[in-house]
Amino acid sequence: MPKSVLPENFLWGGAVAAHQLEGGWNKGGKGISVADVMTAGRHGVPRQITDGVLEGYYYPNHEAIDFYSRYKEDIKLFAEMGFKCFRTSIAWTRIFPNGDDPEPNEEGLQFYDDLFDELLKYNIEPVITLSHFELPYNLVKKYGGFRNRKCIDFFVKFSETVMRRYKDKVKYWMTFNEINNQADTSMDFASFTNSGVIYEEGENREQTMYQAALYELIASAKVVKLGHEINPNFKIGCMLAFVPVYPYSCHPDDVMFATEAMRNRWFFGDVHVRGEIPNYSKKYWTRKGFEIEYTKEDERILKEGTVDYIGFSYYMSKVVSARKVDGSEPDGEFGRVVRNPYVKASDWGWQIDPVGLRYSLNVLYERYNLPLFIVENGLGARDIVEADGTINDDYRIQYLRDHIKEMKKAVELDGVDLIGYTPWGCIDLVSAGTGEMEKRYGFIYVDKDNEGNGTLERRKKKSFYWYKRVIETNGEDI
Ligand code: P53
């Protein structure tokens, strides 16, 4: 076998989030999370957020793919593919059903003990996200989510509880999943899933967003510091949704526009890594007349709790222009975006850009000089089960192969320090953005449709065998 360009201990694996696959939404003493009150949408049709769990609505996360009772069978399949690690989250509401409970729920704690033991049995390293779009719904109702400073303490208490409990089973942690999604304040989904924030009529959304995000960043810093006290070997990272923004042209105004657009990503990374609020944000807040509350003590905490590595998701890139150009379309985050004429898009409109992954690895490494971990990447697509039962997902193999090639260039040619690669949704699960089952990412097919029909039977796709070989050869045979 040729010598691999990737480090020998490279963490190949797969990524999921509790709410998107566990199901068992009211089992084992679990409380209602924000994911439990979201209905199913589809491309172009947003998920609805209902006022609690209501009769007559379909909530796809309630059952999801029932990983809650089938995890042993599923982990066996991950082990068969040769996973070195498995990224999932701890459902906050299994541990603190209401978020503000005085004592944790033992049944929930036991569930993750068993889950981690099952992984460790196969030498699969758990990689754990503390908050992945699944805040206790009670924190939304009672406190307004992270618009309220009190949520810092609730999150710290939850994190401390699980970090102490699993200190000898889990080494890799991440605090808030895709914390920067909320920078797009046009989407109710982002603020709700990131922060449990429901915008009020007439309020300045952006100001509220920055306040909630800053409280989360403070909470994250507290947890990083505390985690290192609990176990000095812990590696605690942040998690950014890294969608790089390219200028449409070499017009200097386009370049400057893209630079400013990227601050919607950098603000979050900069605070996590440098432990300081960047000048461009302070200036922006002043210019906009935003009053963002934080204390000297908070600033000290931010400095003391900087992250050990950068976890990030990469699916696509975006293009912006300072001027209105032909073919541009409205965009919630930047006003307008331009379709990149040089790349194709997925059926859900996500622009497929493998070189953008190498680009992202480089800009992140140049800016922060910290180890990087690609904790999500993948193609959401409709799969067809053939008459003979096979699923020939060559388009998914193609997507992943192209991205892995670029990832390897970043390591081999650019010298980026990369910990691992965990493709998203290694087993089919409920889409976060749309609530669909049929936006599939998995190497393992799950028999369930958008309406919730199906046997939940698991089936290996063509990509299953392909990925197994990729891991076996440490990324050489792709
Ligand atoms: P779905 C937006 C942009 C990039 C990644 O997404 C995003 C989102 C939110 O939809 O989410 C991440 O399921 C997220 C996962 C999610 C995955 O990407 O909408 O961390 O929870 O499932 C894929 O196709």
Side-chain angles (χ1 to χ4, degrees), residues 3-17 78 81-89 116 119-120 122-130 132 163 166-167 169-179 220 223-224 227-228 231-242 268-269 272-273 306-315 354 356-378 400 403-424 426 467 470-476 478:
K3 198 186 155 341
S4 171
V5 307
L6 296 170
E8 213 169 303
N9 56 356
F10 190 74
L11 289 176
W12 293 99
V16 300
F78 301 152
M81 271 187 279
F83 278 23
K84 312 283 183 216
C85 74
F86 176 59
R87 173 181 177 233
T88 188
S89 59
F116 299 155
L119 291 167
L120 295 170
Y122 298 103
N123 286 319
I124 300 176
E125 175 110 44
V127 175
I128 298 304
T129 319
L130 289 161
H132 193 135
M163 283 178 150
Y166 310 121
K167 70 176 177 11
K169 296 184 184 179
V170 177
K171 175 177 164 192
Y172 289 96
W173 303 87
M174 273 167 277
T175 52
F176 289 92
N177 183 65
E178 292 193 335
I179 188 166
S220 171
V223 165
V224 171
H228 289 145
N231 184 343
N233 294 325
F234 276 178
K235 298 285 177 216
I236 311 169
C238 58
M239 189 336 192
L240 305 173
F242 209 77
F268 300 86
H272 270 307
V273 177
T306 57
V307 293
D308 301 320
Y309 68 94
I310 320 273
F312 71 100
S313 64
Y314 178 81
Y315 294 91
L357 175 58
R358 180 176 172 196
Y359 171 78
S360 299
L361 285 160
N362 274 281
V363 291
L364 281 164
Y365 196 59
E366 285 165 4
R367 193 176 183 104
Y368 297 133
N369 205 26
L370 279 182
L372 305 176
F373 198 160
I374 303 166
V375 296
E376 286 184 31
N377 173 233
L400 295 170
H403 284 78
I404 292 171
K405 279 185 186 161
E406 294 300 325
M407 165 181 101
K408 284 167 66 182
K409 285 186 201 163
V411 173
E412 191 182 17
L413 308 177
D414 309 323
V416 162
D417 180 2
L418 187 64
I419 300 172
Y421 177 72
T422 58
W424 175 252
C426 47
Y467 192 48
V470 171
I471 298 178
E472 238 164 44
T473 61
N474 202 18
E476 286 309 302
I478 54 171

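Note that the structure is predicted; figures quoted are calculated from it, not measured.
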Between Cys85 and Thr422, is there a side-chain heavy-atom distance shorter than 4.5 Å? yes

Exercise: identify the closest heavy-atom pair between Tyr309 and Lys235: CE2-O, 3.4 Å

With a 4.5 Å heavy-atom cut-off, do His132 and Met239 have their side chains touching? no

Any side-chain heavy-atom pair of Asp308 and Trp173 under 4.5 Å: no

Which atoms form the tightest heavy-atom contact between Gly13 and Tyr467, and what is the distance? O-OH, 2.7 Å

Trp424 side chain near Arg87 side chain, heavy-atom distance below 4.5 Å: yes

Given side chains that start at C-beta, do those of Phe86 and Val16 come closer than 4.5 Å, heavy atoms only? yes

Are any non-hydrogen side-chain atoms of Val416 and Leu372 less than 4.5 angstrom apart? yes

Look at the rings of Phe312 and Phe242 and say which category their plane angle falls in: under 30° parallel, 30 to 60° tilted, over 60° perpendicular. perpendicular

Verify the neighbour count for atom OH of Tyr359: are there more than 12 heavy atoms of other residues, nucleotides or ligands below 6.0 Å? no

Are side-chain heavy atoms of Asn377 and Met407 found at a separation under 4.5 Å? no

Just wondering, do Val470 and Leu400 contact through their side chains at under 4.5 Å, heavy atoms? no

Which heavy atom in Thr306 sits nearest to a heavy atom in Val224, and how many Å separate them? O-CG1, 3.3 Å

Please report the C-alpha distance between Glu476 and Lys408 in whole Å, then the side-chain angles of each, then the deciding distance to 0.1 Å, and finally whether the salt bridge (Lys or Arg N to Asp or Glu O under 4.0 Å) criterion is met. CA-CA 9 Å; Glu476 286 309 302; Lys408 284 167 66 182; 3.8 Å; yes

